[in-house]
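Chain A is the first sequence line, chain B the second, and so forth, proteins listed ahead of strands; every chain is numbered from 1. These values consider heavy atoms only, across backbone and side chains, with no hydrogens, waters or symmetry-generated copies. Please read all numbers here as calculations on a predicted model, not as lab measurements.
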There are 2 protein chains.
Amino acid sequence: MKKANITIKDIAKELGVSPSTVSRALKDHPDISQETKKQINDLAQKLNYQPNTVALSLRQSKTNTLGVIIPEIAHFFFSAVISGIEDIAHDAGYHVIITQSNESFEREVMNTKALFNSRVDGILMSVSRETENYDHLQSLLDYEIPLVFFDRIIDSLNACKVIVNDEQGAYEATTHLIEQGCYRIAHLAGPQNLAISKNRLNGYKAALADNRYMIDENLVKVCGLGTFEEAESITNEILDYRFPPDAIFANNDVAAYGAMIAIRKKKLRIPEDIAIVGFSNWRFSSLIQPALSSVTQPGFKMGQEATRLLMKQINKEKDEESITETISLKTNLVVRESSKKI
Amino acid sequence: MKKANITIKDIAKELGVSPSTVSRALKDHPDISQETKKQINDLAQKLNYQPNTVALSLRQSKTNTLGVIIPEIAHFFFSAVISGIEDIAHDAGYHVIITQSNESFEREVMNTKALFNSRVDGILMSVSRETENYDHLQSLLDYEIPLVFFDRIIDSLNACKVIVNDEQGAYEATTHLIEQGCYRIAHLAGPQNLAISKNRLNGYKAALADNRYMIDENLVKVCGLGTFEEAESITNEILDYRFPPDAIFANNDVAAYGAMIAIRKKKLRIPEDIAIVGFSNWRFSSLIQPALSSVTQPGFKMGQEATRLLMKQINKEKDEESITETISLKTNLVVRESSKKI
DNA sequence: TTGAAAGCGCTAACAA
DNA sequence: TTGTTAGCGCTTTCAA
């Protein structure tokens, strides 16, 4: 036999009081006498009364729910972000609805609309690769739905943003190699139409410059395809130089992996002959590749920070100027013991 | 200036009709004349009317929302499951609320209650490691909330379950090694108090038996700690046997990794000297460890199947007997080209 | 073909 | 200290 959901009315009827009295008693309103309070709370407990949050949401025009739109859930970086979001949201008493666009613009728009219709109190999002029209996002802003972008942000929109400081990460990685005593550091760069790739290249160059290293354009190779085979063959090419590099800074983990393969095939040692540092989001990269140090993006932290920004917006008084803030997070340089040259 | 949310009333007033007419027109009710329908729909479009799903949920006692409780979001297996859940839920017009227990019993109970209060139409869950008391879950069943367990199930509860057929996976993995011509296959087993470890051991033994291989208990080693260092040292020990194995079936990816390290240190070749197959959920394991074949758990599919079961329950008539079904999914054997001996 | 009214469960202004 | 009433936005029965 199915247990019935108990409502405030049920309690009120049972005790011969009005629903409002019950409502007030349950939230410890000072106007209610201790005696009735006790009576009501006892009965509520006994009947296992559970407040209906849907009714509350309608009444208060507040759902205590956040919406998340990401390109892909089953990606370590994004799932780390979700985890960070859930972490902060949970502490603030909020629920989290997850939707994924699967990199499809159409689906992103659908999700945006669906979350709007669900009257979520705020939205966190990372746009799909296809997204070039921002009407659906501008629309959220028009209705003043608190909105925070993370990672894949839209620069031109007037909203809060949380990103990773790629340039600083690349700078640190390169500096680390320099500190290890490397003197010819190559860079396997990413496609230069992506901001992240450009920023990483810039960080690499800045570190070299700050250490009075010459920048040798022959050591900077763009891996346009993004496959590890490509990185492997490019690394091969570099290794055959008359003055080959003694270190490689890779734009991402796939490139780092390709470089590693090429180096191993040449029977060179990592890191004694050639050190590698790469950007990476692989969960177990430190476990799998003890030879490689890596620069990791703080996904969990990004989720946390983005949610904190969102909560700030949600809790703002309506008439205050909406503040748009951009947070730039530091990357983490994970140095493996075994990758130190010294 | 903030755009206001348009309600049915607004449209009704503007057109001088009643809210009920608007409601009917918007859902293409046959009673409404084509003319008024057009008028209403046009205005709705113009004002960008978006139905308030919260009100709908209250009215219909149906939220079109599913709740998910998992131990950890940022784990590849679980995020793959979530992705599968979202996939099916989205197609069915449902939202997905994610909560994580962080392996804490207390938090799992909180989440269960919170989802109940949110009146989700069904719950998908994988219990935390700490969970030994099932009152909160039984309570869901008492209220006849559709409930499906996946992966970490509770056997004694009368609900739908989706699990992975570990025994069959282990059987396949071992058979694969046999087919590759291996004749002494060791097994790095997991702690035998866990059902999955036991099942995998059973599958291993069954495959040996079916191929008329002798079962040598010296080749079965339990890795109780679950660290790769442990697996490395145990593998070392095995390799020093007078008749060492020519293949290893590892209970999980950490053990497989430890074995790999040990083998490499002994300058043995994988797979020519020793082949390895292990259970694994690492996303890029096939990319990182081209030498190793693996048995992977179908997380995405598990999410899909679990959600399908849940939808079936949700759409059942109340008076039908609630059916409890258990689905056992096949694992995938991912064979790397380079891991074939032949 | 349309409108009036009630109600989903809850809260809060106002009245007693 | 407690009750009455109205209403959040929507649907649906019943009446016109």
Side-chain angles (χ1 to χ4, degrees), chain A residues 3-41 43-44 47-65 93 113-114 116-121 143, chain B residues 3-41 43-44 47-65 93 114 116-121 143 318:
Chain A
K3 265 203 204 173
N5 278 336
I6 302 297
T7 71
I8 272 187
K9 270 194 194 166
D10 297 327
I11 299 182
K13 203 176 294 170
E14 179 109 10
L15 257 41
V17 296
S18 81
S20 37
T21 306
V22 177
S23 170
R24 283 187 272 242
L26 289 172
K27 49 179 38 183
D28 207 19
H29 193 288
D31 277 0
I32 305 294
S33 75
Q34 287 306 324
E35 196 189 356
T36 29
K37 259 186 204 167
K38 180 158 167 33
Q39 251 189 343
I40 289 172
N41 279 301
L43 184 59
L47 299 178
N48 188 29
Y49 166 75
Q50 298 294 131
N52 184 329
T53 29
V54 179
L56 241 180
S57 296
L58 181 61
R59 179 70 229 258
Q60 327 258 49
S61 306
K62 180 151 190 339
T63 52
N64 279 274
T65 301
K113 199 165 284 180
F116 178 86
N117 292 355
S118 292
R119 301 297 189 266
V120 293
D121 296 333
Y143 285 94
Chain B
K3 265 204 206 174
N5 279 337
I6 301 298
T7 71
I8 272 186
K9 269 193 195 165
D10 297 328
I11 299 182
K13 203 176 295 171
E14 180 108 9
L15 256 42
V17 296
S18 81
S20 34
T21 305
V22 177
S23 170
R24 284 186 271 242
L26 288 172
K27 49 179 38 183
D28 206 20
H29 194 287
D31 277 359
I32 306 294
S33 74
Q34 286 306 324
E35 196 189 357
T36 30
K37 258 186 203 166
K38 181 159 166 32
Q39 252 189 342
I40 289 172
N41 279 300
L43 185 59
L47 298 178
N48 188 30
Y49 167 75
Q50 298 295 130
N52 183 328
T53 27
V54 178
L56 242 180
S57 296
L58 182 60
R59 179 70 230 254
Q60 328 257 48
S61 306
K62 181 152 190 338
T63 52
N64 278 276
T65 301
F116 178 86
N117 292 355
S118 292
R119 300 297 188 268
V120 293
D121 295 333
Y143 285 94
K318 279 181 218 153

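Following rounding to the nearest Å, A/Q60 (CD) and C/dA13 (C1') show an atom-to-atom distance of 14 Å. Rounded to whole Å, atom C1' of C/dG9 lies 13 Å from atom CG of B/N117. If you measure from atom CG of B/L56 to atom C1' of D/dC8, you get 14 Å, rounded to the nearest angstrom. The CG-P distance, from B/N52 to C/dC8, rounds to 18 Å in whole Å. Note: CD (B/Q39) to P (C/dT2) measures 10 Å, nearest angstrom. If you take CG of B/N64 and P of D/dC10, they are 16 Å apart, rounded to a whole angstrom. Rounded to whole Å, the distance from CD on B/Q50 to P on D/dC10 is 11 Å. Across the protein-nucleic acid pair, A/N5 atom CG and C/dC8 atom P stand 13 Å apart, rounded to whole Å.
In terms of phosphate contacts, A/K9 brings no side-chain nitrogen or oxygen within less than 4.0 Å of OP1 or OP2 of C/dG7. For D/dG9, the OP1/OP2 oxygens have no side-chain nitrogen or oxygen of B/Y49 closer than 4.0 Å.
The CG atom of A/L58 sits 10.0 Å away from the CZ atom of A/R119 when rounded to the nearest 0.5 Å.
Contact check of residues 10-21 of chain B against DNA chain D (heavy atom, cut-off under 4.0 Å) returns B/S20. Contacts between residues 22-37 of chain B and DNA chain D, defined by a heavy-atom separation under 4.0 Å, are made by B/S23, B/R24, B/K27.
With sequence neighbours excluded, no residue forms a salt bridge (charged side-chain N to carboxylate O under 4.0 Å, His left out) with A/K113. Every residue meeting the ring pair (Phe, Tyr, Trp, His ring centres under 6.0 Å) condition with A/F116, not counting sequence neighbours, appears here in chain and number order: A/Y143.
As judged by a 4.0 angstrom heavy-atom cut-off over every strand, B/L58 is placed among the base-contacting residues.
Among residue pairs with one or both ends in residues 5-20 of chain A, none qualify as salt bridge (Lys or Arg N to Asp or Glu O under 4.0 Å); sequence neighbours excluded. Contacts classified as salt bridge (Lys or Arg N to Asp or Glu O under 4.0 Å) and involving residues 28-37 of chain A (residues at least two apart or in different chains) are given here: A/D28-A/K37.
B/N52 places none of its side-chain heavy atoms less than 4.5 Å from the side chain of B/L56.
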